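Accompanying notes for the structure given below.
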Amino acid sequence: MSQQFPFLSDHSHLHEARYRKIDALRAEGRNAYPASFDATHLAATILGAEEEYIDKPERVVCVMGRVGPIRAFGKSAFFHVTDRSGKIQIFVNAKAIDAEGFRTYKEFLDTGDIVGVTGVVFRTKSGETSIEARSLALLCKNARPLPEKWHGLTDKEARYRQRYVDLIVNPDVLETFRTRSRLVASMRRWLDEQEFLEVETPMMQPLYGGASARPFVTHHNTLDMDLFLRIAPELYLKRLVVGGMHRVYEINRNFRNEGISTQHNPEFTMLELYAAGWNAATMMDFVEELLIEPLRLATGRTTIVLDGREVDIARRPWPRVTILEALERHCGIKVDWKMSLSDVKAAAGGHHVPDEVHGPIDAIIHLFETHVEHHLVEPTFITEFPKAVSPLAKSKDDDPEVADRFELYVNRMEVANGFSELNDPAEQFARFAEQVERRRQGDLEAVGTIDEDYVRALEFGMPPTAGLGVGIDRYTMLATASPSIRDVILFPLMRPESSAAEATPEDQGAGKDES
RNA sequence: GGGCGCAUAGCUCAGCCGGUAGAGCAGCGGACUUUUAAUCCGUUGGUCCCAGGUUCGAACCCUGGUGCGCCUACCA
């Protein structure tokens, strides 16, 4: 028995048996954890060209992967080995395998072990292309048994906390994250083809801005200064447009110190891009392509599942509806931005307007969010937001009170948000000042400081520019038909397990400098 | 933040009206040379989430707590 066992608080008698086997391996002078192994084939390579391999004894193959459930018959056995490409069945036969390999199987092999298998390919009686093992190398013992083979791991908490187990036993999970990776890769390729430049801007910011949200605060010891984790990269990216990067994008994390739900994780991934010369309308055309093409490349289709039915999002253009039209269409509420609060309340009829609303505009936005959003299932652009809720957006040329802005809704979620960027420094300064005033009056989502450097940048001149933000997690939810954002984030934020809950930030080295 | 629900073996789950812990899989021992949840025989394994309370007696009832899920509200 390994002297260390049990070294974790979370252990059981099952682990003990596995550690005994590891000790037995060592007692024979064998390395339980060899450093490397040269596989020559992937499972998918063999299965994708099986006729080239079947019954060709000269074509020896060698694969490496994790052992699945073992079906043992005394002097023979079947099991699958899973590598990064998929899985292939292994047939261990006392007559065909070398003596050491058979003994390794018989004495030491468990479900979940990592093995290297060398052998030749054949087809079994039941028709499955398989490898008949000539030798078997144990590359890593599984010391902690996998969940049950039939039901797998279903407990959502365990799946999110121990994603590694989830990935091993639930193939759909691997597929979801493969799709996510492909979506992002195709998006990058698409943007690069359109001559966008990918950049990385600060996530730790002395001043935060670019959205309405509450930030996380952290601290730099040497500089002895508080920093905010960014809620958006917007203000830095537009500085780059000023600097001449006329097509620029960033795909990375934002952090918002707000609620957690099936649609919200405190850190989430956003694509933000800016294109000089464009406006909100050209950006809407672009968004359609930007969301359709990666979906086609990543999944091979252009359909997504909405309310249980397949919807082809490649049918363009997507409807573009002003926020006021949407209110009238879905709720029969006829309002406009010039109305007084009492007029809005009267027009709302039976639709409740809470007393906390700050004014008529707030009331209209509230009506939209509570009564219209849940109707927006198929991709729909909502346009013409009021200037007051769009402090970084330019007004429409023909209506100074309305921002040249859109939000894209799919499956009742806001998936993208874009607008013509305000590039008038004096007006931007005034809008910031309004935010500071709102903050002073208690709006915790309003930014309480004017970013003077950003206004200074605008003074150097930014060309007419349109900007866009796309929630990558939500886009992935749509592409993979995932009901929760936690299903598309590998390690969603969870409260610590009890054993970790005791540790303070100081224990973990986060204390301030002693000097 | 509000509401509803869940927590029992490594995993998936039973556990009736409160009477003292069960199954399948996994594990361990045995039989078995073409299986696909292999089969057959035997068998180990429990902080019933935690802390109190009620009771002769609590997995079960009550109170408080912890974690998670779903709905709802806000942010994307």
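This one's a predicted model, so the numbers in the text were calculated from it and none came from an experiment. Chain identifiers are assigned alphabetically (A, B, ...) following the order of the sequence lines, protein sequences preceding nucleic acid strands; residue numbering begins at 1 within each chain. For the numbers below, each heavy atom of this structure counts, side chains included, while hydrogens, waters and symmetry mates do not.
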Worksheet item: How would you label the contact of Asn265(A) with the nucleic acid (heavy atoms, under 4.0 Å): base, sugar-phosphate, or nothing?
Response: base
Item to complete: Please report, rounded to the nearest Å, how far the P atom of C32(B) is from the NZ atom of Lys95(A).
Response: 15 Å
Item to complete: Kindly assign one of parallel, tilted or perpendicular to the pair Phe381(A) and Phe406(A), based on the angle between their ring planes and the thresholds 30° and 60°.
Response: perpendicular
Discussion item. Regarding Tyr475(A), tell me which of base, sugar-phosphate or nothing describes its non-hydrogen contacts under 4.0 Å with the strands shown.
Written reply: nothing
Discussion item. My understanding is that only residues two or more places apart in sequence, or in another chain, count here; which of them pass salt bridge (Lys or Arg N to Asp or Glu O under 4.0 Å) with Lys394(A)?
Written reply: none
Discussion item. Using the ring centroid of each side chain, check whether Phe491(A) and Tyr164(A) are separated by less than 6.0 Å.
Written reply: no
Worksheet item: Touch check for Asp473(A), heavy atoms < 4.0 angstrom, all strands: base, sugar-phosphate only, or nothing?
Response: nothing
Worksheet item: Does Ser126(A) place a side-chain N or O at less than 4.0 Å from the phosphate oxygens OP1/OP2 of U36(B)?
Response: no
Worksheet item: What interatomic distance, in whole Å, is found between P of A21(B) and the corresponding atom of G45(B)?
Response: 14 Å
Worksheet item: Counting any heavy atom closer than 4.0 Å, what does Gly74(A) reach on the DNA or RNA strands: base, sugar-phosphate only, or nothing?
Response: base
Discussion item. Does C70(B) have OP1 or OP2 under 4.0 Å away from a side-chain N or O of Arg486(A)?
Written reply: yes
Worksheet item: Rounding to a whole Å, what distance do you find between Arg159(A):CZ and G10(B):P?
Response: 21 Å
Discussion item. Categorize His15(A) for me: base, sugar-phosphate, or nothing, with a 4.0 angstrom heavy-atom threshold over every strand shown.
Written reply: nothing
Worksheet item: Thr154(A) near the nucleic acid: base, sugar-phosphate alone, or nothing, with a heavy-atom cut-off under 4.0 Å?
Response: sugar-phosphate
Worksheet item: Distance check: side-chain N/O of Lys149(A) vs OP1/OP2 of A26(B), anything under 4.0 Å?
Response: yes
Item to complete: Rounded to whole angstrom, note down the P distance from C49(B) over to A9(B).
Response: 8 Å
Discussion item. Between Ser261(A) and Arg486(A), does the side chain to side chain donor-acceptor pair (under 3.5 Å) criterion hold? Intermediate values first, please.
Written reply: CA-CA 9 Å; Ser261(A) 78; Arg486(A) 294 187 195 93; over 6 Å; no
Worksheet item: C1' atom, C16(B) versus G1(B): distance in rounded Å?
Response: 39 Å
Worksheet item: Reckon Phe79(A) touches a base, only the sugar-phosphate, or nothing at all at heavy-atom distances under 4.0 Å?
Response: nothing
Discussion item. Less than 4.0 angstrom between a side-chain N/O of Arg71(A) and OP1 or OP2 of A38(B), yes or no?
Written reply: yes
Practice prompt. Could you check which nucleotide pairs with C32(B) in any of the strands shown, counting Watson-Crick or G-U wobble with both distances under 3.5 Å?
Written response: none
Practice prompt. Look at all strands and tell whether Glu445(A) reaches a base, only sugar-phosphate, or nothing, counting heavy atoms closer than 4.0 Å.
Written response: sugar-phosphate
Item to complete: Quickly work out the Leu146(A) CG to A37(B) C1' distance and round it to whole Å.
Response: 15 Å
Discussion item. Please determine whether a side-chain nitrogen of the Lys or Arg among Arg495(A) and Glu157(A) lies less than 4.0 Å from a carboxylate oxygen of the Asp or Glu.
Written reply: no
Discussion item. One character per nucleotide, please: for nucleotides 43-48 of chain B, 5' to 3', B when the base has a protein heavy atom closer than 4.0 Å, S when only the sugar-phosphate does, - otherwise.
Written reply: -BS---
Practice prompt. Tell me what Arg256(A) touches on the nucleic acid: a base, only sugar-phosphate, or nothing, going by heavy atoms under 4.0 Å.
Written response: base
Fill in: Pair Tyr53(A), Glu51(A): side-chain N/O donor-acceptor within cut-off below 3.5 Å
no
Worksheet item: What nucleotide, of A37(B), C70(B), G67(B), holds the atom closest to the side chain of Arg495(A)?
Response: G67(B)
Worksheet, complete the sentence: Result for 5'-nearest mapping on RNA chain B, choosing between Asp155(A) and Thr111(A), is Asp155(A)
Item to complete: For C4(B), measure the glycosidic angle (O4'-C1'-N9-C4 for a purine, O4'-C1'-N1-C2 for a pyrimidine) and name it syn if it falls within 90° of 0, otherwise anti.
Response: anti
Worksheet item: When you compare A59(B) with U54(B), how far apart are their P atoms, in angstrom units rounded to a whole number?
Response: 16 Å
Discussion item. Tell me whether the side-chain N/O atoms of Arg161(A) come closer than 4.0 Å to OP1 or OP2 in C68(B).
Written reply: yes
Item to complete: Quick one: label Ala416(A) by what it contacts on the DNA or RNA (base, sugar-phosphate, nothing), any heavy atom closer than 4.0 Å.
Response: nothing
Discussion item. On RNA chain B, does the nearest nucleotide to Leu493(A) precede the nearest nucleotide to Gly471(A) from the 5' side, or the other way round? Give the residue.
Written reply: Leu493(A)
Worksheet item: Could Glu414(A) and Arg412(A) be called an ion pair, given the rule that one side-chain N must be under 4.0 Å from one carboxylate O?
Response: no
Discussion item. Assess, by modelled atom type and distance only, whether the side chains of Thr465(A) and Glu421(A) contain a donor and an acceptor separated by less than 3.5 Å.
Written reply: no
Fill in: Partner nucleotide of A38(B) by Watson-Crick or wobble geometry (both distances under 3.5 Å)
none
Worksheet item: Is the shortest distance from a Lys or Arg side-chain nitrogen in Arg439(A) or Glu434(A) to a carboxylate oxygen in the other one below 4.0 Å?
Response: no
Fill in: Gap in Å between the two P atoms, one belonging to U39(B) and one to G2(B), rounded
50 Å
Worksheet item: Within the structure shown, what part of the strands sits under 4.0 Å from Met494(A) by heavy-atom distance: base, sugar-phosphate, or nothing?
Response: sugar-phosphate
Worksheet item: Rounded to whole angstrom units, what separation is found between the NZ atom of Lys125(A) and the P atom of U36(B)?
Response: 11 Å
Discussion item. With a 3.5 Å distance limit and no angle check, can you tell me whether Ser126(A) reaches the backbone of Thr124(A) through a side-chain donor-acceptor pair?
Written reply: no
Worksheet item: Between Glu132(A) (CD) and U33(B) (C1'), how many Å, whole number?
Response: 11 Å
Item to complete: Return the nucleotide paired to G27(B): Watson-Crick means purine N1 to pyrimidine N3 with N6-O4 or O6-N4, wobble means G-U with N1-O2 and O6-N3, both under 3.5 Å.
Response: U43(B)
Worksheet item: Is there a Watson-Crick or G-U wobble partner for C60(B) with both distances under 3.5 Å, and which nucleotide is it?
Response: none
Item to complete: Return the orientation label for the His330(A) and His375(A) ring planes: parallel under 30°, perpendicular over 60°, tilted otherwise.
Response: parallel
Discussion item. If the cut-off is 4.0 Å, is Arg20(A) near the phosphate of C28(B), judged by side-chain N/O to OP1 or OP2?
Written reply: no
Practice prompt. Report which part of the nucleic acid Leu153(A) touches: base, sugar-phosphate, or nothing (heavy-atom distance under 4.0 Å, all strands).
Written response: sugar-phosphate
Worksheet entry | Carboxylate-amine/guanidinium proximity below 4.0 Å for Lys238(A) and Glu234(A) | yes
Discussion item. Both distances below 3.5 Å, Watson-Crick or wobble geometry, any strand: find the nucleotide opposite U54(B).
Written reply: none
Practice prompt. May I ask you to say what Arg18(A) touches in the nucleic acid, namely base, sugar-phosphate or nothing, with a heavy-atom cut-off under 4.0 Å?
Written response: sugar-phosphate
Worksheet item: Rounding to a whole Å, what distance do you find between Phe78(A):CZ and A37(B):P?
Response: 13 Å
Fill in: Nucleotide forming a Watson-Crick or wobble pair with C6(B), both distances under 3.5 Å
G67(B)
Worksheet entry | Base paired to G1(B) (Watson-Crick or G-U; both N/O distances under 3.5 angstrom) | U72(B)
Worksheet entry | Nearest-Å distance once atom C1' is located in both A23(B) and U66(B) | 29 Å
Fill in: Sugar-phosphate, base or nothing in reach of Gly469(A), heavy atoms under 4.0 Å
nothing
Worksheet item: Taking CD from Glu157(A) and C1' from G67(B), how many angstroms apart are they, rounded to a whole number?
Response: 5 Å
Worksheet item: To the nearest Å, how far apart are Ile88(A) CD1 and U36(B) C1'?
Response: 15 Å
